Amino acid sequence: MAGVGLGPLRAMGRQALVLLALCATGARGLYFHIGETEKRCFIEEIPDETMVIGNYRTQMWDKQKEVFLPSTPGLGMHVEVKDPDGKVVLSRQYGSEGRFTFTSHTPGDHQICLHSNSTRMALFAGGKLYREERFRLTSESTNQRVLWWSIAQTVILILTGIWQMRHLKSFFEAKKLV
């Protein structure tokens, strides 16, 4: 099993991780990173009437934490395959993780191109996660402040009540009504 690994291009920000295993002429695999607007193509010599199976997984790259995030809904992969004559054999949008298959009908060099659909949808999802986390932290902070403010109000109310009772008692004692 041959593998190719390319480090993440941090300048791109978020990225899709692609794990691709092609089973055309034996078990071989490619492992590479692809930027959100980037398109990766490679040429594979495939014999006639050969079924090719590709497995892949896409993930977002969190630039701040420098880790891959779990698969995001809406993030996916577009796969396009052309035969040696330039005719499109497969052109389809897939989800964030899965498998694509095609069968070669002519022997020769087939061009297999992959690119992420993350330009808008995934950035929206990634930004949405960030906003949700920020909103949650703000909500927790606000709830904490409200709790302490209500405790302070209760203490002030009780102290005011005690003071009023003592003041009224001393007032009525001074007037000799009690």
Side-chain angles (χ1 to χ4, degrees), residues 1-140:
M1 179 160 198
V4 176
L6 300 175
L9 301 171
R10 296 199 197 317
M12 290 296 233
R14 293 178 160 72
Q15 304 178 358
L17 167 70
V18 179
L19 178 63
L20 180 67
L22 289 173
C23 303
T25 57
R28 285 180 280 159
L30 293 171
Y31 172 82
F32 58 94
H33 296 267
I34 185 170
E36 63 189 6
T37 57
E38 208 174 339
K39 183 176 184 178
R40 287 281 166 109
C41 295
F42 51 95
I43 297 172
E44 186 71 28
E45 186 174 342
I46 302 172
D48 192 18
E49 298 301 320
T50 302
M51 178 185 270
V52 178
I53 301 170
N55 295 308
Y56 68 92
R57 179 177 64 196
T58 59
Q59 293 178 301
M60 295 292 285
W61 173 254
D62 188 341
K63 193 164 71 169
Q64 294 171 339
K65 296 178 184 174
E66 294 191 358
V67 294
F68 284 103
L69 301 173
S71 293
T72 308
L75 180 63
M77 187 63 58
H78 184 266
V79 179
E80 184 176 85
V81 179
K82 293 182 182 178
D83 68 6
D85 301 327
K87 189 171 79 176
V88 176
V89 176
L90 174 70
S91 179
R92 188 169 165 209
Q93 189 74 30
Y94 291 93
S96 62
E97 187 171 352
R99 165 187 285 197
F100 65 88
T101 61
F102 69 92
T103 303
S104 65
H105 297 292
T106 48
D109 292 338
H110 286 67
Q111 182 182 31
I112 302 168
C113 295
L114 301 145
H115 61 89
S116 168
N117 70 344
S118 69
T119 51
R120 293 202 179 151
M121 199 61 174
L123 279 178
F124 172 73
K128 182 180 172 191
L129 290 174
Y130 173 74
R131 284 193 311 271
E132 285 176 358
E133 181 180 356
R134 200 174 76 211
F135 180 73
R136 182 184 56 79
L137 292 173
T138 303
S139 295
E140 287 176 0

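Note that the structure is a prediction, hence the values are computed from the model and not measured. Positions are given from 1 along the sequence.
- Taking CD from Gln93 and CE from Met77, the interatomic distance works out to 9.0 Å, rounded to the nearest 0.5 Å.
- Put simply, CD on Glu45 and NE2 on His110 are 10.0 Å apart, with the number rounded to the nearest 0.5 Å.
- Among all heavy-atom pairs drawn from Glu38 and His115, the shortest one is O-CB, 3.3 Å.
- Glu49 and His105 are linked by a side-chain donor-acceptor pair at a separation below 3.5 angstrom, with hydrogens and angles left out of the test.
- A search for salt bridge (Lys or Arg N to Asp or Glu O under 4.0 Å) contacts involving Glu140 returns Arg136, not counting sequence neighbours.
- Taking 4.5 Å as the limit, every side-chain heavy atom of Tyr56 sits out of range of all side-chain heavy atoms of Leu114.
- To the nearest 0.5 angstrom, Lys82 atom NZ is 9.0 Å from Ser91 atom OG.
- When side chains are defined from C-beta on, Ile112 counts as touching Phe102, because their heavy atoms get closer than 4.5 Å.
- Closest approach of Ser104 and Ile46 over heavy atoms only: OG-CG2, 3.4 Å.
- Considering all non-hydrogen atoms of both residues, Arg99 and Tyr94 come closest at O-CE2, 3.8 Å.
- Looking at every heavy atom in both residues, Thr103 comes nearest to Val89 through O-CG1, 4.2 Å.
- Taking each heavy atom of Pro107 and Asp48 in turn, the nearest pair found is CB-N, 3.7 Å.
- At distances below 3.5 Å, at least one donor-acceptor pair connects side-chain atoms of Asp83 with backbone N or O atoms of Asp85.
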